[in-house]
Amino acid sequence: MAIFLTKESKVLVQGMTGGEGMKHTRRMLAAGTDVVGGVNPRKAGRTVDFDDRAVPVFGSVREGMAATGADVTVVFVPPAFAKAAVTEAADAGIGLAVVITEGIPVYDSVAFHAYAATKGTRVIGPNCPGLITPGQSNAGIIPADITKPGRIGLVSKSGTLTYQLMYELRDIGFSTCVGIGGDPVVGTTHIDCLAAFQDDPDTELVVLIGEIGGDAEERAAAYVRDHVTKPVVAYIAGFTAPEGRTMGHAGAIVSGSSGTAQAKKEALEASGVRVGGTPTETARLVLTRLESERVAAQG
């Protein structure tokens, strides 16, 4: 009942010994994540105590994978070192790299995404909250105590809106929540997550959260129309954003009618996706749709 991340996932943390890495490694462990090691060439051979668990530090991702069987890495390194960190992880053959770091130059992101693709490494992010499969594993900074395991899949550009929808729908719960990030260039896309949720037998409905800027939501709408049979409910942030001004995420810029919330809403609705006007209304649409599906199943 998950995509990309399960209780079997073994997680490394690149940058674990830094301030953010330490804080969020502790939170990931508390959520049940199997954090098997940190990576810091200058502190290799040490261990770091997190309450009742001592986590070893390795000199490289390759060493960590060889010693622990890790298949996921979470990247907390500063922006200047992110390209090298992801490249190292891809060279080691890791299956999933979750890049939390924000402020990475777009040129670097383009380069490491392209390189990771040649090595078969899935990248989530950058500038993202990561992903969580409630009750199983948490890779990133998403709060683990605001929801429970359930049957909704969620993919979102916005970390804050991810948390809000998780909380508003906490009584139903989620299979997996994926924060893909809001930069102009990200690894895993809305479409990648839609495809994975479509194939997940325990995900009954998908929530898609987008925002102004770019055409990712329009492309997702076309994918839903052609490939997704499960119900999809969406929310688009930025209906009141002034034209031509960058808002929040680096990718959220509108020019003319391109990238507007209204254009995205129309594209999604034309593909059969219900779009909420607010996060709370979006949650109500989810509840209504799930109820209608339940009634239909009962005949």
Side-chain angles (χ1 to χ4, degrees), residues 1-5 31 129-138 140 142-180 182 190-212 216-218 220-221 223-225 227-240 261-262 264-299:
M1 197 170 78
I3 67 168
F4 308 150
L5 186 74
L131 72 163
I132 182 171
T133 295
Q136 296 192 48
S137 190
N138 185 11
I142 296 174
D145 58 353
I146 58 174
T147 194
K148 67 179 183 180
R151 48 204 173 104
I152 304 170
L154 188 150
V155 52
S156 173
K157 278 185 177 180
S158 165
T160 303
L161 291 172
T162 298
Y163 313 152
Q164 183 170 353
L165 265 296
M166 286 172 62
Y167 181 76
E168 297 223 19
L169 293 166
R170 63 194 181 280
D171 290 338
I172 298 173
F174 291 81
S175 52
T176 302
C177 303
V178 186
I180 60 174
H190 285 117
I191 291 174
D192 295 327
C193 293
L194 286 164
F197 283 130
Q198 172 68 19
D199 291 339
D200 176 33
D202 293 309
T203 297
E204 295 184 20
L205 179 147
V206 181
V207 176
L208 183 152
I209 301 176
E211 64 186 10
I212 58 171
E217 294 80 4
E218 287 88 345
Y223 186 85
V224 170
R225 181 192 64 222
H227 300 287
V228 179
T229 59
K230 296 179 180 181
V232 180
V233 175
Y235 173 68
I236 305 299
F239 271 96
T240 61
Q262 185 62 35
K264 295 175 186 297
K265 179 177 186 289
E266 291 173 359
L268 287 162
E269 289 182 336
S271 296
V273 177
R274 297 290 303 278
V275 181
T278 66
T280 299
E281 182 185 343
T282 304
R284 286 199 296 266
L285 289 173
V286 170
L287 296 173
T288 300
R289 186 59 188 268
L290 286 174
E291 178 61 20
S292 67
E293 294 284 319
R294 185 187 66 81
V295 170
Q298 291 177 343

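Inter-residue side-chain proximity for Leu287 and Ile172 is flagged as met; some heavy-atom pair is nearer than 4.5 Å. Two residues are said to be in side-chain contact when any heavy atoms from C-beta on lie closer than 4.5 Å; Ile236 and Gln262 fail this criterion. Looking at heavy atoms from C-beta onward, Leu205 lies out of side-chain contact with Glu293 at the 4.5 angstrom threshold.
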Trace of the side chain to side chain contact (heavy atoms under 4.5 Å, CB included) decision for Val155 with Ile180: CA-CA 7 Å; Val155 52; Ile180 60 174; 3.8 Å; yes
Criterion side chain to side chain contact (heavy atoms under 4.5 Å, CB included) on Val206 and Val228, from CA distance to verdict: CA-CA 10 Å; Val206 181; Val228 179; 5.7 Å; no
Side chain to side chain contact (heavy atoms under 4.5 Å, CB included) between Leu165 and Val286, intermediate numbers included: CA-CA 10 Å; Leu165 265 296; Val286 170; 5.6 Å; no
Step-by-step side chain to side chain contact (heavy atoms under 4.5 Å, CB included) determination, Leu161 to Tyr235: CA-CA 9 Å; Leu161 291 172; Tyr235 173 68; 3.8 Å; yes
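Enclosure of atom CZ in Arg274 is not indicated, since only 12 or fewer non-hydrogen atoms of other residues, nucleotides or ligands lie within 6.0 angstrom.
Nearest heavy-atom pair, Thr282 versus Gly276, reported as atom, atom and distance to 0.1 Å: OG1-CA, 3.4 Å. Of all non-hydrogen atoms in Ile142 and Gly130, the two that sit nearest each other are CD1-O, 3.6 Å. Here the closest heavy-atom approach between residue Cys177 and residue Met166 is recorded as SG-CG, 3.6 Å. Shortest non-hydrogen contact noted between Ser175 and Thr203 is OG-OG1, 2.8 Å. Scanning all heavy atoms of the two residues, the minimum distance from Phe4 to Cys193 falls at CE1-SG, 3.9 Å. Contact detail for Ser271 and Val224: the closest heavy-atom pair is O-CG1, 4.0 Å.
Here the CG-CZ distance, from Asp145 to Arg170, works out to 11.5 Å after rounding to the nearest 0.5 Å. Here the CD1-OG1 distance, from Ile132 to Thr147, works out to 8.0 Å after rounding to the nearest 0.5 Å. With rounding to the nearest 0.5 Å, the separation of CD in Gln198 from CD1 in Ile191 is 13.5 Å. Of the inter-residue distances, the one linking Lys157 atom NZ with His190 atom NE2 reads 6.0 Å to the nearest 0.5 angstrom. Summarising the geometry, atom CD1 belonging to Ile152 is positioned 4.5 Å from atom CG belonging to Leu169; distances are rounded to the nearest 0.5 Å. If you take CG on Asn138 and OG1 on Thr133, they are separated by 9.0 Å, rounding to the nearest 0.5 Å.
Of the possible polar contacts, none joining the Lys265 side chain to the Val275 backbone as a donor-acceptor pair under 3.5 Å is found. Counting only distance, with no hydrogens or angles, the side chain of Ser137 and the backbone of Leu5 share no donor-acceptor pair below 3.5 Å.
Ion pairing between Glu218 and Lys264 holds under the 4.0 Å rule for side-chain N and carboxylate O.
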